[in-house]
Protein chains: 2
Amino acid sequence: MEKERLNTARTITIYDIAAEAGVSASTVSRVLTGSASVRKEKKEKIQKIIEKYNFKPNALAKGLSDTATKNIGIIAADVRNPYYSALFVSCEIAAEKAGYSVGLVNSLGFSEREKNELDVLLQQRVDAIIQMGGSVDDLITDDSYAEKIRGICDNTPVIVTGKLDKTPAHSVVIDESRAMNLVMEHLIGLGHKKIALVGGEMRVASTFNKYKMYQEILRKYGIEERGEYVVNGTYDPETGYDATNKILSLDDRPTAIIAINDFAASGALRSIREHKLYIPEDISVVSFDNTYIADLTVPKLTSVDYDYVAYGELLIDTAIRAAEGKEVEKIQKIDPRLVLRESSGPCKE
Amino acid sequence: MEKERLNTARTITIYDIAAEAGVSASTVSRVLTGSASVRKEKKEKIQKIIEKYNFKPNALAKGLSDTATKNIGIIAADVRNPYYSALFVSCEIAAEKAGYSVGLVNSLGFSEREKNELDVLLQQRVDAIIQMGGSVDDLITDDSYAEKIRGICDNTPVIVTGKLDKTPAHSVVIDESRAMNLVMEHLIGLGHKKIALVGGEMRVASTFNKYKMYQEILRKYGIEERGEYVVNGTYDPETGYDATNKILSLDDRPTAIIAINDFAASGALRSIREHKLYIPEDISVVSFDNTYIADLTVPKLTSVDYDYVAYGELLIDTAIRAAEGKEVEKIQKIDPRLVLRESSGPCKE
DNA sequence: GTGAAAGCGCTAACAA
DNA sequence: TTGTTAGCGCTTTCAC
């Protein structure tokens, strides 16, 4: 069956270039890849013709014959979350610098999507897969997921921003304990003792690890943990709002609230405002992720930053080195740092 | 009588499946694509083997031999902007439904990147390109860009969320005039007459069109336009903050502020708060885009929504139809609608 | 330094 | 219905 071509312009190939230059396709390929030396005059002639037609070699054919596609697949939980979009963009920039390109798919919280997307990326023969969030966030790794990843790792390296037990996947994670440590030391240094924790689910490793450190620091300073000061939920403004409402209805209110991320913090801000309390005079708020949200709320949020640029670079660097068969550490950690803004201040009590 | 083979390292191909099923590769291809009928028993046997090995055909080889890759390239200005991420995700979902997959790259405000990314997508042989923001936002189309697009359209359809003069690109745009119309009628209906406009650049078509409608509505109601009520800038919170500061320093303050987007609105909110004014009692704020930011500020923002799901679907539908050589309208418009929240109220003056 | 030829994994035209 | 045979556009031995 004749496939109807909507265009007349034939795509030009390496053979067209070769013909016009009076050389073989192999020679053109050589100047394209720089894989072998070509006599200077021929090389220049070929380059001129390539330029003239603005010829771009077909990446599909290249990937087929070559072993590498110079493509890295990224599965993000949801790029609409500024945490992921920031990370993705810095990955994109880092990859570009290294001569790679990235592709993005979103798992959107469905593990079925996630597995399916792994297959799609595999079909596209990406050189490595980076998974940001999703199943790799689980405190307890899902068995069927681990199984799937194990099968993939034989051929394609997988880098995750979390952990994947019993798999050869490489891990580049934020040091969550350190992150919480920074926050707690900051608040306690400001004189706070009644500190609440808002949002997040304990089945998520990063949240669980933060909670562990929260407890540890409380113990360190001899502060008793109060169950009613820890209100879990999800990671959105609603959770922050509802949880904070609950906490502020307590007789003995906390003087500081730690929100699991900037979204939850924005909800906390709303609740606090509605209770006619002032930030940070009456109550301090600190959160994690330091997305642009932290900079746009009133007041601006003190938040834990991860240096997204360095994070993205490390992710891509790890992916490329693994793809090229180099030695790569199994686990690498990102060091967080606290960005002070307007939402945290001395305890007045 | 199945030979158990462990294919850990080697990727399995259509030939392996064929060999094991005792048929030719073409037959396997036929059941894979459904392009021709295959005897039921053979078909089932083949499917069983495919299942067994969890075989996934190489998309590169497929794209190379086929005319279509079932891949749509998307160039976004910056996916960190929730406007683009929302649009991208709904494109992704719509594409998936139609059996296509999407790839995302960010131009990040550099027209060089933009052109380069077009080349990369072309090399990847995407079936269509959707460009969201960037050069296609320009009121006056850049010549060299138009030239480039013209060259591309011969082979690959281009869909833009803006306009591209003198090119065969298809356009799916928000009806900006209508958007501003909704906002102005809303405010005037609430009794506002002193209405300011904050943020945005006039070289951007969407901003310019909004401004034109702003003027038109003022005229319609016999309200004189005041130059000092229109403060341009960019599209970020800083601009909204600075511009609002300027406006609130005026002797005759406006009773309503229209921000060019939710980011700028968040800056306006901060400025207003610092001036100890109340929203919406003292001053109303309305913005465009209805991103999640509108829902997380205090107060929540009245903002113009574009139905991102429908927008994404229309974009993808247009791309696919164009890719398949079907007839497609040159320009299609997205109808905006106003989402009322807490930031707008009756004029008290 | 260069070309011929084989092949990457798949689809499709043509026979049978 | 099915197999054979050409490619798709590029890279890469292997000779020369």
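Quick note on labels: first sequence line is chain A, next is B, and so on, each numbered from 1.
Pairs of residues two or more places apart, or lying in two chains, never qualify as salt bridge (Lys or Arg N to Asp or Glu O under 4.0 Å) while including a residue from residues 122-131 of chain A. Within the structure, ring-ring contact (aromatic ring centres under 6.0 Å, His included) pairs that include any residue of residues 83-102 of chain B comprise B/Tyr83-B/Tyr308 (at least two apart or interchain).
Using a 4.0 Å cut-off, some side-chain N or O of B/Ser24 falls inside it from OP1 or OP2 of D/dG3.
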- [ ] Show the numbers, then the answer: is there a salt bridge (charged side-chain N to carboxylate O under 4.0 Å, His left out) between B/Lys115 and B/Asp119?
- [x] CA-CA 7 Å; B/Lys115 288 184 207 160; B/Asp119 283 336; over 6 Å; no

Task: Derivation of the salt bridge (charged side-chain N to carboxylate O under 4.0 Å, His left out) call for A/Lys97 and A/Glu313 - done: CA-CA 10 Å; A/Lys97 273 186 203 155; A/Glu313 280 171 355; 3.7 Å; yes

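With a 6.0 Å radius and a threshold of 12 heavy atoms from other residues, nucleotides or ligands, A/Lys43 has its NZ atom at or below the threshold.
Within residues 34-60 of chain A, the residues having any heavy atom under 4.0 Å from DNA chain C are, by residue number, A/Ser37, A/Val38, A/Arg39, A/Lys42.
Closest to the side chain of B/Ser26, out of D/dG9, C/dT2, C/dA12, is C/dA12. Across C/dC10, D/dG9, C/dG3, the shortest atom-to-atom separation from the side chain of A/Thr27 is found for C/dG3.
Between the CD1 atom of B/Ile14 and the P atom of C/dC8 there is a distance of 14 Å, rounded to whole Å.
Closest approach of B/Val158 and B/Cys153 over heavy atoms only: CG2-SG, 3.9 Å.
For A/Ser29 and D/dT12, a side-chain-to-base donor-acceptor distance below 3.5 Å is absent, hydrogens and geometry of angles not being considered. Side-chain to base pairing of A/Arg30 with C/dG3: one donor and one acceptor N or O lie within less than 3.5 Å of each other.
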